[in-house]
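In each ligand, atom 1 is the first atom listed, and ligand 1 is the first ligand listed.
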Amino acid sequence: AKELGVNKFKVFNKAMHEKAMQNLLIETEIRQGLPEDEFIPYFQPIYCLQTKRLAGFEALVRWNHPERGFITPEHIIPIAEETGLIVKLDRLMLLKACREFSKWVSTYPSVRDMFLTVNLSPCQLSKPDLADAILDVLNETNFPSDMLKLEITESAIMERNAASTFNLKRIGEMGIKLAVDDFGTGYSSLSQLQRFPASTVKIDRSFISRMAEDHESLEIVRAVNALGHSLSMDVIAEGVETRQQLILLKEIGCDCVQGFYFDKPQPAEVAVQLVKMRSEG
Ligand code: C2E
Ligand code: CA
Ligand code: CA
Ligand code: CA
């Protein structure tokens, strides 16, 4: 038994070591890839339920790795967050997404009422230079600040400090909007949500994916939608995959929907075609 214990420990150690080595490799590669233009934003359409029109896009990072091909965020974000590289990565995504979107708006001025949402890692809110960095991007890309929405996960709205309060104030003054992402998965209180200056709440995919089969999930979606509306927020349902979910969300009175039922995240050249179509009809 003793021997087994030792072996187990060895195996555990080896696995941990391999994992650490792999993370180190990825970290190095992220660091190298950042200036090399390997990270690009994909755009997932968000639709307004009432008008059935394209309302905006969420920018989601993709890593075009020189040897390993396309890599999705689940393999990037955790390591980037652990190593602090996320700050650079998020800001690069903001820059690239705004640059792209700016082109679309100047080509198709009638889509000026759309929005672009960009994810911000929770740690960003405490960076003293966040507001200035965003302002630089807006100026550099000539991006209308009222078209920008920053997504911050529910868990991050609970950690308020002097820096984050300052950032939120300045972001608001610039006319940028905020969305609470993955709502329902954190443990924020009603008063924390009320105090957070967001204009949008996004219901987490886990509830949407269960709502057609599971009564409790359906009631949670209903409750979050009502809560959002009572705080004068727009409500976006994420991860809509079926027609049945869509019908339920319409009946509930949700404002916007996003999910594979409509579109997957798409490269800019595909997304712009949707913008063009909307501008024509
Ligand atoms: P998220 O912010 O909740 O983004 C939505 C994720 O759900 C995206 O995954 C999207 O592709 C996926 N999704 C959308 N609709 C459906 C659907 O109908 N079914 C299913 N199964 N999935 C759907 P993705 O692109 O892999 O991103 C995963 C997460 O990585 C994001 O979750 C976000 O937390 C993070 N992330 C992505 N890009 C960035 C970024 O630039 N910065 C930061 N800080 N985080 C990012
Ligand atoms: Ca998001
Ligand atoms: Ca989300
Ligand atoms: Ca999520």
Side-chain angles (χ1 to χ4, degrees), residues 30 33-34 38-47 56-64 70-101 115-127 130 133-134 137 148-157 177-186 188 198 200-212 221 224 228 234-246 248-249 254 256-268 270-271:
I30 294 177
L34 276 170
E38 290 173 15
F39 295 90
I40 56 167
Y42 264 39
F43 297 89
Q44 187 175 32
I46 299 172
Y47 292 93
F57 292 93
E58 176 174 7
L60 295 154
V61 67
R62 295 292 180 269
W63 187 3
N64 195 358
F70 262 71
I71 301 176
T72 52
E74 63 190 304
H75 304 288
I76 312 168
I77 304 294
I79 293 172
E81 283 185 333
E82 244 171 67
T83 54
L85 286 168
I86 193 73
V87 176
K88 274 197 178 142
L89 183 61
D90 276 355
R91 292 179 186 186
L92 184 69
M93 279 309 106
L94 180 71
L95 177 67
K96 288 189 173 183
C98 286
R99 192 182 278 152
E100 200 59 50
F101 213 91
F115 58 80
L116 167 69
T117 80
V118 178
N119 292 284
L120 262 200
S121 172
C123 71
Q124 298 271 9
L125 271 188
S126 315
K127 300 282 178 241
L130 176 69
I134 295 172
V137 168
L148 182 63
K149 216 186 275 242
L150 300 172
E151 296 195 4
I152 297 169
T153 52
E154 185 197 0
S155 49
I157 72 172
K177 300 189 189 73
L178 294 165
V180 180
D181 202 0
D182 300 349
F183 193 81
T185 60
S188 64
T200 303
V201 56
K202 297 187 80 171
I203 309 176
D204 191 65
R205 187 173 86 217
S206 57
F207 301 105
I208 307 300
S209 68
R210 291 192 300 256
M211 70 186 291
V221 173
V224 172
D234 292 324
V235 180
I236 300 179
E238 59 178 24
V240 180
E241 289 182 346
T242 69
R243 197 178 137 70
Q244 205 186 354
Q245 291 164 356
L246 175 63
L248 287 169
L249 289 164
C254 184
C256 294
V257 282
Q258 171 182 4
F260 293 175
Y261 182 69
F262 307 96
D263 314 271
K264 293 201 162 162
Q266 303 166 337
V270 180

Just which atoms of ligand 1 are under 4.0 Å from any heavy atom in [X]?
X: Val240; value: 18 (O)
X: Asp90; value: 40 (C), 41 (O), 42 (N), 43 (C), 44 (N)
X: Asp182; value: 3 (O)
X: Ser121; value: 44 (N)
X: Glu238; value: 3 (O)
X: Arg205; value: 7 (O), 12 (C), 13 (N), 19 (N), 20 (C), 21 (N), 22 (N), 23 (C)

In short, Ser121 meets Asp90 closest at the heavy-atom pair N-OD2, 2.7 Å
For the residue pair Asp181 and Asn119, what are the closest heavy atoms and their distance?
OD2-OD1, 3.3 Å
[X] side chain near [Y] side chain, heavy-atom distance below 4.5 Å:
X: Ile30; Y: Glu38; value: no
X: Leu89; Y: Ile76; value: yes
X: Cys256; Y: Asp234; value: no
X: Arg62; Y: Pro73; value: yes

Short side-chain to backbone donor-acceptor contact, [X] and [Y], under 3.5 Å:
X: Asp204; Y: Gly184; result: no
X: Gln245; Y: Met211; result: no
X: Glu154; Y: Ser188; result: yes

Is there a heavy atom of Glu58 sitting under 4.0 angstrom from any atom of ligand 1?
yes
Measure up the Phe262 and Tyr47 rings against each other and bin them: parallel (under 30°), tilted (30 to 60°), perpendicular (over 60°).
tilted
Starting from the C-alpha separation in whole Å, work towards a yes-or-no answer on side-chain contact (heavy atoms from CB on, under 4.5 Å) for Leu94 and Leu120.
CA-CA 9 Å; Leu94 180 71; Leu120 262 200; over 6 Å; no
Can you tell which of Phe39, Tyr42, Phe70 makes a ring-ring contact (aromatic ring centres under 6.0 Å, His included) with Trp63?
Phe39
Side chain, backbone, both or neither: which part of Asp181 comes within less than 4.0 Å of ligand 1 when only heavy atoms are counted?
side chain
Just going by heavy-atom distances, which of [options] is nearest to [atom]?
atom: atom 21 (N) of ligand 1; options: Arg62, Met93, Glu241; answer: Glu241
atom: atom 24 (P) of ligand 1; options: Pro78, Pro73, Pro265, Cys123; answer: Pro73
atom: atom 39 (C) of ligand 1; options: Val61, Leu92, Ile152; answer: Val61

Is there a polar contact, in the sense of an N or O pair closer than 3.5 Å, between [X] and ligand 1?
X: Tyr261; answer: no
X: Gln258; answer: no
X: Ile77; answer: no
X: Glu81; answer: no
X: Phe260; answer: yes
X: Thr72; answer: no

If the condition is ring-ring contact (aromatic ring centres under 6.0 Å, His included), which residues does Tyr261 pass it with, not counting sequence neighbours?
none
Trace of the side chain to side chain donor-acceptor pair (under 3.5 Å) decision for Thr72 with Glu74:
CA-CA 6 Å; Thr72 52; Glu74 63 190 304; 3.2 Å; yes
Any idea how many protein N, O or S atoms are nearer than 3.0 Å to the Ca ion (ligand 2)?
4
